[in-house]
Structures are given as structure tokens and as C-alpha cells.
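Only one structure is covered here, and it is reproduced in the block below.
All residue numbers refer to positions in the sequence shown, counting from 1. None of these values were measured; they are calculated from a predicted model.
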Amino acid sequence: ALRVASEALANPRRHADCRAVTVTCRYGPDALTVVVRDDGRGFDAARVAPEGHHGIAGMRERAAAAGARLDVASAPGRGTIVTLVMPAAD
């Protein structure tokens with residue numbers, strides 16, 4: 001979760017030209033949820049390379065390895081929202 005959140009925070013600094021980034025963490029009996037939202041330039045999320053070890057592809061790889069779900073919502077001019085949902089350990 002830390003590595004995914006770290007990358008989700010680094011991406012706006014590198015690419016988004018945003019004014020604000022917010023991070024929300026919720027931990028409940030079933031899952032840890034981390035949401036990173038920026039008000040930057042956004043991008044076409046459908047055009048993100050599906051493979052690789054950096055950026056969004058790397059976040060997806062790490063989330064999958066941890067049994068978590070990663071959602072990336074973005075559109076040009078509308079910012080980006082990265083949501084990681086990691087099931088709680090038994």
C-alpha cells in the first residue's frame with residue numbers, strides 16, 4: 001500500500017501540473033482504502049501502457065501482488081483519482 005500510495009503521490013508532481021493533491025485513508029474491518037486525488041491536467045486513462053514496472057503499470061502490478069484492487073479514473077482537464085482497496089489481513 002505504501003509503495004502504491006507513494007507512486008500515486010509522485011505522479012501528480014511529475015506530470016499533472018496540479019494545484020492540490022488530497023490523500024484519504026480509511027481502515028475498516030474489511031479493507032484499507034487509500035484515495036489520492038489531484039486537480040491537475042488529467043489524461044486518457046484508456047491509453048495507459050498495460051505493462052512495465054513504473055507509474056500506473058507498476059502500481060497495478062504491486063496492487064495485484066498484494067491481492068488489492070487499483071482503480072485509476074482520469075480524463076483530460078479533469079484531474080486524476082487513484083483508489084487502492086487492500087483487503088484486511090486475516
Item checked: Test side chain to side chain contact (heavy atoms under 4.5 Å, CB included) applied to Asn11 and Met59, step by step -> CA-CA 11 Å; Asn11 283 342; Met59 290 191 298; 3.9 Å; yes

Q.
With side chain to side chain contact (heavy atoms under 4.5 Å, CB included) as the criterion, how do Phe43 and Val72 come out once you've worked through the C-alpha distance, each side chain's angles and the decisive distance to 0.1 Å?
A. CA-CA 10 Å; Phe43 60 93; Val72 178; 3.9 Å; yes

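Atom CZ of Arg3 is separated from atom CG of Leu84 by 13.5 Å, given to the nearest 0.5 angstrom. With values rounded to the nearest 0.5 angstrom, Asp17 atom CG is found 5.0 Å from Arg41 atom CZ. Distance CG/Leu2 to CZ/Arg62: 10.0 Å, rounded to 0.5 Å.
Minimum heavy-atom separation, Ala8 to Pro12: O-CD, 2.9 Å. The two residues Ala88 and Tyr27 have their closest heavy-atom pair at CB-OH, 4.3 Å. Nearest heavy atoms, Met86 versus Ala68: CA-CB, 3.8 Å. Shown here for Val23 and Val34, the closest heavy-atom pair between the two residues is CG1-CG1, 4.4 Å.
No salt bridge links Glu7 with Arg60; every basic N to acidic carboxylate O contact stays at or beyond 4.0 Å.
Partners of Asp71 according to the side-chain hydrogen bond (donor to acceptor under 3.5 Å, both in side chains) rule, which considers only residues two or more places apart in sequence or in another chain, are Arg69.
Side-chain atoms of Ile81 and Val36, non-hydrogen and from C-beta on, never get closer than 4.5 Å to each other.
Formation of a donor-acceptor pair under 3.5 Å by the Asp39 side chain with backbone atoms of Cys18 is not found in this model. Between the side chain of Asp38 and the backbone N or O of Val21, no donor-acceptor pair lies under 3.5 Å.
Every pair passing side chain to side chain donor-acceptor pair (under 3.5 Å) that includes a residue from residues 75-89 is listed here, sequence neighbours excluded: Ser74-Thr80.
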